Structure formats: structure tokens, C-alpha cells
Trainee: 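I have a structure here, written as C-alpha cells, and I will follow up with some questions on it.
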Amino acid sequence: MSIDATTDRTTSPENSTTPSKPHITWQDSYSQAHIAIEALSSILQSIPPSLSKSETPAFSLLHDPETADLISQRLRHPDSGAGDDNLCRWLYDTFQTSQPDLHLVVLRFLPIIAGAYLSRVTLHKPLAGFEAILLALYANETTSRNGQPVTVSIPDLSHSSIYHETKQTSKNSATELNLAVISPSLEPHGNVRSTRRARIVGIALELYYSKISQIPVGSKIDFCEFCRIWSGHDGTELESPGSTQGKEIEGEILEKKTEVKRGRISLPWELLQPVLRILGHCLMGPNKDKELYEAACAASRSLYTRALHDINSNAILATRSLLKLVKLAAESNDDIDHTEITFTNVITI
């Protein structure tokens, strides 16, 4: 939020009667962000003073590394996620506001929330705090879609192209379109059952993916790390171009293998599909970050190993496609301009 926007939100009679500047009360994103920061300071008790003084409090809260570390540590604590968890209650209340900037703050921690929740759900511990946040994200997506599925139109390849001649005659000369369902229709849910868990978390990840260009890199790295833990494989069986894992000492590798095996979860397609979309962005996104790229490569290898272990054809095809992108990116030479016409005296027959 810019300074100009805040100055327009005055309560003076002049601005309230000007047609070009409608009256806006202080119950806006600026004030709600300050209220959220004050509430968070009572929970963490070590919020940087710069957040309260910022002219863009929601943006500062989203990108402040110190606050992000404090929240991440609290969410990763073994006793977090219960119904009386004040931090989970703060995240839930913050997402219930009508401000998209504050929604991003909650989505920034979704990888840790989903990661900790799915990894602990088999321990039968009370996780009502995590479930309340996930249900809020699911309800938001259900409302915005009006419960409808997300589809894409795919041309029917059984029909001839309009740019080619054919001797075959068809009843309808127009190219028919087939609808492919990317995300099925949604039904409202008031609680998280074992049969709905993957669907609810998957929809929350779809919402995360829709805003991923605005999410800080640290959140995406957290997501890639949890993908490796969810897979139950460290992916060291596969070679990775440009990976630094081979340089790690053996003790660190064994520790990571143990952690990964403990966090292995079920990966149905309704959960794996949004996971692969997010990894695709981390690999091929416009803003290249070396640490994020290597974390996404490691996560893709781990999920591919898991798909081979489960003999899941859809997962094998999708994860192998991600690895193909990694290989093509490693072999590509950015210095070559393929649109440039080269001149040579050699005739190739």
C-alpha cells in the first residue's frame, strides 16, 4: 500500500464529499494490518519495531525474515497445531479478514502448516488449530469457485486440422473440444475426515499456487523440503545436474534419510497434482534463485523415486517430465540465439 493511498483515506469532510475521492473509513488494509501486527506481537513478544512503523505493514509482515523465522519455529514445534494454539488462531483470524495482502501472509506459512499437519496426523495428536486454517483456505476457494470444477478445453485430435486437407468426411466440420478437468467440483466441509484430508489440503495448495508469484522464496524452499519428507525418499539414487548433495558429509546425509523416512505420507493424485504444479514453478519460474532451484530438483527426484516405488503411472509420467525440464535447463546454453541466421561457406548435403 502506497503513501498516496493512505493519504486518500482521510476522514475530513472535503474528501468525504468529493466525487472522485469517496469516503473510506480506517477499517482498511492499513489499519487491519496494524491490528494483526499488534495481535501477533502479543503472541511472539519479539516483533521488530519496524513493522509497526512501516507505511506498508502487510507487505513488511510478509517479507520480514526475522518474523518469518519466529513463526516458522513456533509452527514446527512438536506441540503446535492444537485447538488452543494462539498462533494458529491468529493465522485463522488473519485469513478471515477481507484483505488480500493479509491472505498472502497466511499462505506464506502454508507449506509448514500442511507439512507439519500431514506428517503428524498418523500420531493421533490434537491438530484442530492446523485443521481450522486448512478448512478456512478450502472454504475460501470453494466460495470463489462457486463449487464449480476447473476445466480446460483440449482440441479433439481425431478431427482433421483446418490447416490440412483430408479425404475423410465428418458430420461436423468444426473442431470439437474436449473438457479436461484440472480440479473437480468442491463441496463445503465443516471438518476434516480421513477421506477428505488429501482433498482439503490439495485445494489449499491450489490456492497457494494461484498466488505463488507473490510468495517469498523462503516459503517455496520450505515447501520443497516437505515434498522430500512426504515422499519418504531422499532422491540420492538419481543424479542431479548441478546438485550440491554429493558434497555433503555422510552424517548429514544419514540424518536427512532418517527424517525423510519418518515423514512419509500417502500421496494420492488429488494431493500430488498441486504439489507438482508448485514444483514446476519453482523449477521454471521467471525469478531464478539457486537455492530454490536446487531444492526443487531434490524434491522432484524424491517424488520420482517414490512414484517408481509405488508403480504409479500418472506420478511417474509427471515427475519424470519435471526431471526432463531439469535436464534440458542444465544442458541449455543461454548464449546461443536460435533465431539468429548463421553464415558459413560449408555446404552440408
Side-chain angles (χ1 to χ4, degrees), residues 1-12 14-16 18 20-77 80 85-114 129-130 132-133 136-137 140 204 207-223 278 281-282 285-289 291-292:
M1 181 176 177
S2 63
I3 299 177
D4 295 337
T6 59
T7 54
D8 288 342
R9 290 179 170 86
T10 58
T11 56
S12 62
E14 296 178 359
N15 288 336
S16 62
T18 304
S20 59
K21 294 183 179 180
H23 174 70
I24 302 177
T25 63
W26 275 101
Q27 191 63 21
D28 55 9
S29 60
Y30 184 81
S31 59
Q32 288 190 17
H34 273 291
I35 294 174
I37 291 174
E38 291 177 1
L40 183 62
S41 62
S42 63
I43 299 173
L44 300 180
Q45 299 178 352
S46 56
I47 293 294
S50 57
L51 290 181
S52 301
K53 300 177 182 179
S54 174
E55 297 173 347
T56 55
F59 182 86
S60 300
L61 182 60
L62 175 64
H63 294 278
D64 184 70
E66 182 179 349
T67 304
D69 289 340
L70 292 173
I71 296 177
S72 299
Q73 291 174 11
R74 287 285 297 268
L75 292 175
R76 292 175 184 269
H77 193 273
S80 64
D85 191 324
N86 292 331
L87 182 57
C88 289
R89 187 174 302 173
W90 178 85
L91 290 168
Y92 176 85
D93 294 338
T94 301
F95 192 80
Q96 293 300 324
T97 63
S98 59
Q99 303 304 327
D101 294 339
L102 293 177
H103 291 178
L104 291 176
V105 175
V106 180
L107 289 175
R108 186 253 181 270
F109 300 101
L110 178 60
I112 300 178
I113 295 171
F130 286 155
I133 300 171
L137 301 178
N140 177 272
L207 178 59
Y208 179 87
Y209 174 73
S210 67
K211 307 293 183 182
I212 196 168
S213 61
Q214 306 174 59
I215 300 294
V217 173
S219 174
K220 303 173 190 178
I221 294 176
D222 292 337
F223 175 81
I278 297 172
H281 169 87
C282 296
N287 299 323
K288 299 295 183 181
D289 183 90
E291 184 180 0
L292 174 60

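Source: prediction; values computed, not measured. Below, all heavy atoms of this structure are taken into account, side chains as well, without hydrogens, waters or symmetry copies. Sequential numbering from 1 along the given sequence is applied to the chain's residues.
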Trainee: For Ala33 versus Pro57, what's the shortest heavy-atom pair and its separation?
Mentor: CB-CG, 3.6 Å
Trainee: Not counting sequence neighbours, which residues clear ring-ring contact (aromatic ring centres under 6.0 Å, His included) with Phe95? List them please.
Mentor: His103
Trainee: Say you draw a straight line from CG of Leu104 to CZ of Phe109; how long is it, rounded to the nearest 0.5 Å?
Mentor: 11.5 Å
Trainee: Taking everything shown except Glu291 itself, do over 12 heavy atoms lie less than 6.0 Å from its CD?
Mentor: no
Trainee: So do Leu110 and Leu207 actually touch side chain to side chain, heavy atoms under 4.5 Å?
Mentor: no
Trainee: Assess whether atom NZ of Lys288 is packed by more than 12 heavy atoms of other residues, nucleotides or ligands within 6.0 Å.
Mentor: yes
Trainee: Looking at residues at least two apart in the chain, or sitting in another chain, which of them share a side-chain contact (heavy atoms from CB on, under 4.5 Å) with Ser60?
Mentor: Leu51, Ser54, Thr56
Trainee: Flag the pair Asp222 / Arg76 as yes when at least one side-chain heavy-atom distance between them is below 4.5 Å, and no otherwise.
Mentor: yes
Trainee: Evaluate Leu61 against Ile47 for side chain to side chain contact (heavy atoms under 4.5 Å, CB included), listing each step before the verdict.
Mentor: CA-CA 10 Å; Leu61 182 60; Ile47 293 294; 5.6 Å; no
Trainee: Under the side-chain contact (heavy atoms from CB on, under 4.5 Å) test, which residues partner Leu292, sequence neighbours left out?
Mentor: Val217, Lys220, Ile221, Cys224, Cys282, Asp289
Trainee: Would you please name every residue forming a ring-ring contact (aromatic ring centres under 6.0 Å, His included) with His281, sequence neighbours left out?
Mentor: none
Trainee: Do any pairs count as a side-chain hydrogen bond (donor to acceptor under 3.5 Å, both in side chains) and have a residue in residues 63-73, sequence neighbours left out, and if so which ones?
Mentor: Asp64-Thr67
Trainee: To the closest 0.5 Å, what do you measure between CG (Leu87) and OG1 (Thr94)?
Mentor: 9.0 Å
Trainee: Taking the side chain as everything from C-beta on, heavy atoms only, tell me whether Arg74 gets closer than 4.5 Å to Ile43.
Mentor: yes
Trainee: Rounded to the nearest 0.5 Å, how far does CG of Leu137 lie from CG of Leu107?
Mentor: 6.0 Å
Trainee: For Phe130 and Ser80, work out which heavy atoms get closest and say how close.
Mentor: CZ-OG, 3.6 Å
Trainee: How about Leu91 and Val105: do any of their side-chain heavy atoms sit closer than 4.5 Å?
Mentor: no
Trainee: Mind checking what makes salt bridge (charged side-chain N to carboxylate O under 4.0 Å, His left out) contact with Arg89, not counting sequence neighbours?
Mentor: none
Trainee: Do Leu62 and Asp101 touch side chain to side chain, with heavy atoms closer than 4.5 Å?
Mentor: no
Trainee: If only atom types and distance count, is the side chain of Ser219 paired as donor or acceptor with the main-chain N or O of Pro216 below 3.5 Å?
Mentor: no
Trainee: Indicate the atoms forming the closest heavy-atom contact of Ser52 with His34, along with that distance.
Mentor: O-CE1, 2.6 Å
Trainee: What's the spacing between Leu102 CG and Asp93 CG if we round to 0.5 Å?
Mentor: 11.5 Å
Trainee: To the nearest 0.5 angstrom, please state how far the CD1 atom of Ile215 sits from the OH atom of Tyr209.
Mentor: 13.0 Å
Trainee: Would you compute the distance between atom OG of Ser41 and atom CH2 of Trp90 and round it to the nearest 0.5 angstrom?
Mentor: 10.5 Å
Trainee: If we only count heavy atoms from C-beta on, is the Ser46 to Leu70 side-chain gap below 4.5 Å?
Mentor: yes
